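Proteins come first, then strands; the chains are lettered A, B, ... in the order of their sequence lines, and each starts at number 1. The structure displayed is predicted, hence computed values, not measured ones.
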Protein chains: 2
Amino acid sequence: MEPNISFVASLIGDAARASMLTALMGGKALTATELAIEAGITSQTASSHLSKLVDGQLLIVRKQGRHKYFQLKGSDIAQLLEMLLNVTSKITHSKTVTGPSDPRLRQARVCYDHLAGELSVALFNSLVKNAWIEDNGINDSEARLTSTGKACFTELGVDFNILNTSKRPVCKACLDWSERRSHLAGALGQWILNDLFNKGWASKDLDSRAVHFTPAGLKLFAKKYDIPLLLPTHSH
Amino acid sequence: MEPNISFVASLIGDAARASMLTALMGGKALTATELAIEAGITSQTASSHLSKLVDGQLLIVRKQGRHKYFQLKGSDIAQLLEMLLNVTSKITHSKTVTGPSDPRLRQARVCYDHLAGELSVALFNSLVKNAWIEDNGINDSEARLTSTGKACFTELGVDFNILNTSKRPVCKACLDWSERRSHLAGALGQWILNDLFNKGWASKDLDSRAVHFTPAGLKLFAKKYDIPLLLPTHSH
DNA sequence: TCACTGCTTCGATGAGCATCGAAGTATTAT
DNA sequence: ATAATACTTCGATGCTCATCGAAGCAGTGA
């Protein structure tokens with residue numbers, strides 16, 4: 001028999017659980033109360049939801065003192081959620097005219113473990129333009145690291161020996177639900193995001209999904225990857 | 001605001017609708033009664049479900065006489081469902097020991113518009129071995145047509161001028177939920193499946209997801225793509 | 001015209017489940 | 001010790017929605 005899709009889908013198919021899951025797309029582990037607030041429900045209800053999500057293997061939980069920290073079980077779950085975001089936004093956009101959005105989320109946000117939003121799309125385009133990566137697909141998740149790219153990234157501090165040991169692909173294109181264009185995911189995308197945080201160029205916002213750049217950090221970031229900086233409110 | 005994932009997920013999160021959707025992964029358009037039978041419900045209930053799926057933009061419908069033919073709205077929907085199949089099978093497999101399955105489905109089945117199952121994985125491996133395509137990712141959807149591959153496929157009758165006009169990627173790796181390994185998707189994967197049907201080497205089974213090869217067709221297929229043929233019941 | 005099939009609408013039924021208040025158990029703080 | 005916080009369990013409530021019978025509409029064939 002084919003696996004029973006409806007089980008996993010129904011877990012995601014509740015409004016409260018869905019907002020918890022999208023909150024966890026920020027990559028950070030969150031406590032039960034934080035998630036309850038995020039979903040706008042009481043802690044009792046949240047507790048029930050969270051145990052279902054853990055039973056359903058969508059989340060893992062780590063107990064720390066009197067807190068319980070929840071996070072997505074793996075990148076495959078994150079990928080599933082991102083694809084749901086894509087499909088959903090495509091569907092709802094056709095109804096609600098054009099996609100409104102929190103401007104901070106539009107500009108830069110975390111997609112589980114890599115950068116998403118306008119800036120990440122600009123980054124991706126620059127990488128393609130400078131032939132660090134090749135983008136084969138039009139709509140889809142194909143990307144390839146060139147030898148130039150490998151050399152340049154190595155110079156920037158990437159250790160491909162380490163990246164290659166992980167089971168996940170190094171270089172991967174991920175479709176952005178707000179921009180509808182590709183951005184960089186995979187182990188390399190993760191490295192870039194971490195690099196941003198390590199260098200203090202950007203930090204996660206309180207709502208944990210938006211990424212806030214410092215003015216200086218933004219300039220350095222743009223310079224490092226040769227990204228043409230646009231005005232904050234540039235025409236669509 | 002972020003799109004409301006729960007809406008789409010809850011559409012899939014019903015057992016009856018889910019079996020309808022997986023049935024439509026066969027790529028063929030099915031009538032309302034066929035889908036009702038597939039889901040094991042009455043036609044009234046099916047009608048209600050189907051109108052929800054159409055409203056929700058997961059399906060498109062085409063009226064033909066007194067019949068209504070339903071099919072998945074696009075390849076992105078199919079991709080979403082396939083990913084759900086992957087996640088679900090990974091989750092349920094860890095509980096229900098090892099994945100049992102209809103042997104015909106395991107061997108060869110249709111995944112929306114391309115071939116899936118043991119044979120498709122074998123095909124993919126042969127293509128990689130002979131350097132027609134390159135497989136970059138380990139777990140993920142990356143694949144790249146080599147120049148050799150392009151030449152060879154052209155010789156087999158593929159017209160890349162036509163394939164390239166479509167918006168979808170030509171060459172794409174798709175993770176198999178039964179095999180947990182990559183097989184070929186994309187426009188090229190679609191071409192191969194159609195080629196199989198056109199040549200009469202294989203046909204869709206009555207249950208519309210399994211693909212039945214003729215003995216002669218299987219041999220010719222294996223020869224064409226240099227696939228080592230295994231015994232029907234080969235050890236896992 | 002009449003019968004048959006495919007699909008839809010309406011209404012009633014019933015089950016599942018999200019929700020929260022109240023109470024209970026840990027864990028940490030004062 | 002006492003209080004406060006974080007989370008869970010239990011029970012009651014109420015809503016949503018899948019389900020099907022009955023009836024109706026439309027397209028097809030005799």
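- As a whole-Å value, the separation of B:Arg62 CZ from D:dG27 P is 17 Å.
- As a whole-Å value, the separation of B:Gln44 CD from C:dC7 P is 12 Å.
- Heavy atoms of A:Thr33 sit under 4.0 angstrom from primed sugar atoms or phosphate atoms, though from no base atom.
- Of the side-chain N and O atoms in A:Thr42, none sit less than 4.0 angstrom from OP1 or OP2 of C:dT19.
- A donor and an acceptor atom never sit less than 3.5 Å apart when one is taken from the side chain of B:Arg66 and the other from the base of D:dT28.
- Contact annotation for B:Ala15: no contact, since no heavy-atom pair falls under 4.0 Å across all strands.
- Atom CD1 in A:Ile41 sits roughly 13 Å away from atom P in D:dC7 (whole-Å rounding).
- Regarding contacts with the backbone of D:dA26, every side-chain N or O of B:Lys63 stays at 4.0 angstrom or more from both OP1 and OP2.
- Distances shorter than 4.0 Å separate none of the side-chain N or O atoms of B:Lys52 from OP1 or OP2 on D:dC17.
- Residue contacts for B:Ser51: at a heavy-atom cut-off of 4.0 Å it reaches no nucleic acid atom on any strand shown.
- Taking each heavy atom of A:Ala39 and A:Met20 in turn, the nearest pair found is CB-CG, 4.2 Å.
- Using cut-offs of 30° and 60° for the angle between ring planes, the A:Trp201 and A:Phe221 rings count as perpendicular.
- Of the side-chain N and O atoms in A:Thr45, none sit less than 4.0 angstrom from OP1 or OP2 of C:dT19.
- In this entry the distance linking CG of B:Leu30 with C1' of C:dC7 reads 16 Å, nearest Å.
- Between A:His67 and D:dT5, a side-chain N or O to OP1/OP2 separation shorter than 4.0 Å is absent.
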